[in-house]
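Just so it is clear, the structure is predicted and the values come from calculations on it, not from any experiment. Each residue takes its place number in the sequence, starting with 1. Side chains included, hydrogens not; waters and symmetry mates left out as well; all remaining heavy atoms used.
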Amino acid sequence: MRLCICFVLLAVIVCASADNPFTRGGRFVLDAAGGAWDMLRAYRDMREANHIGADKYFHARGNYDAARRGPGGAWAARVISDARENWQSGVSGRGAEDTRADQEANKWGRSGGDPNRYRPPGLPSKY
């Protein structure tokens with residue numbers, strides 16, 4: 001009986017420490033949730049700053065922060081950015097050129113590029 005319990009405990013320890021798909025899947029979901037939060041935080045900061053020309057900076061920053069969390073964060077950033085741009089281009093009428101520029105900033109941030117590339121002069125250092 002003791003030997004059986006030892007084998008069960010050993011199996012649990014080995015499975016828990018192994019790189020299994022359940023652990024990776026759980027990490028992906030947590031990264032995606034965190035990435036969605038990063039995108040929301042960047043959006044709130046953009047609204048709060050209300051600074052002309054800062055749109056691209058906040059696009060890049062939200063995507064950058066989300067992608068740094070891992071594959072789940074990068075996925076969430078891509079899905080949210082694409083959905084926002086698709087909705088915005090159809091509703092706001094801002095045009096294809098603005099959508100293209102936003103998507104460029106999104107990709108720059110997701111690929112690990114420094115968001116400060118898009119930082120406008122005069123934006124408070126808080127952001």
Original post:
Does the side chain to side chain contact (heavy atoms under 4.5 Å, CB included) test come out yes or no for Q103 and D82, once each step is laid out?
Top reply: CA-CA 8 Å; Q103 288 290 39; D82 289 348; 2.9 Å; yes
Minimum heavy-atom distance [X]-[Y], with the two atoms named:
{"X": "Y64", "Y": "G113", "value": "CD1-O, 3.4 Å"}
{"X": "G35", "Y": "A76", "value": "C-CB, 4.4 Å"}
{"X": "A42", "Y": "G62", "value": "CB-CA, 3.6 Å"}

Original post:
How would you list, by chain and number, every residue that makes a side-chain contact (heavy atoms from CB on, under 4.5 Å) with N116, sequence neighbours excluded?
Top reply: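 N116 satisfies side-chain contact (heavy atoms from CB on, under 4.5 Å) with Y57, D114, R119 only.
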**OP:** Check side-chain contact (heavy atoms from CB on, under 4.5 Å) between R69 and all other residues, then give those that pass, not counting sequence neighbours.
**Re:**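 R69 satisfies side-chain contact (heavy atoms from CB on, under 4.5 Å) with D31, D38 once adjacent residues are dropped.
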Subject >> Derivation and outcome, salt bridge (Lys or Arg N to Asp or Glu O under 4.0 Å), residues R100 and E97 >> reply: CA-CA 5 Å; R100 189 201 56 74; E97 183 60 29; 2.8 Å; yes
Original post:
Is it the case that more than 12 heavy atoms not belonging to R68 sit under 6.0 Å from its CZ atom?
Top reply: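 Open: at most 12 neighbouring heavy atoms sit under 6.0 Å from CZ of R68.
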Original post:
Same hydrophobic cluster for W108 and Y43, using side-chain heavy-atom links shorter than 4.5 Å among ILVMFWY?
Top reply: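 W108 and Y43: one cluster.
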Original post:
Atom CG of D45 and atom CG of L40: how far apart are they, to the nearest 0.5 Å?
Top reply: 9.5 Å
Subject >> Qualifying residue, where the test is side chain to side chain donor-acceptor pair (under 3.5 Å) with Y118 and the options are H59, K56, R61, E104 >> reply: E104
Please tabulate, for the side chains in residues 120-127, all donor-acceptor contacts under 3.5 angstrom to protein atoms that are two or more places apart in sequence or on a different chain.
unit_1: K126; atom_1: NZ; unit_2: E48; atom_2: OE2; d: 2.3
unit_1: Y127; atom_1: OH; unit_2: E48; atom_2: OE2; d: 2.7

**OP:** In sequence, state the C-alpha distance, the side-chain angles, and the governing distance for D102 and R84, and then conclude on salt bridge (Lys or Arg N to Asp or Glu O under 4.0 Å).
**Re:** CA-CA 10 Å; D102 285 349; R84 178 182 57 217; over 6 Å; no
Subject >> Verdict with supporting geometry, T99 and Q88, side chain to side chain contact (heavy atoms under 4.5 Å, CB included) >> reply: CA-CA 8 Å; T99 296; Q88 202 170 35; 5.8 Å; no
**OP:** Could you tell me whether the side chain of D65 reaches within less than 4.5 Å of the side chain of M39, counting heavy atoms only?
**Re:**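 A side-chain contact is absent here, since even the closest heavy-atom pair is not under 4.5 Å.
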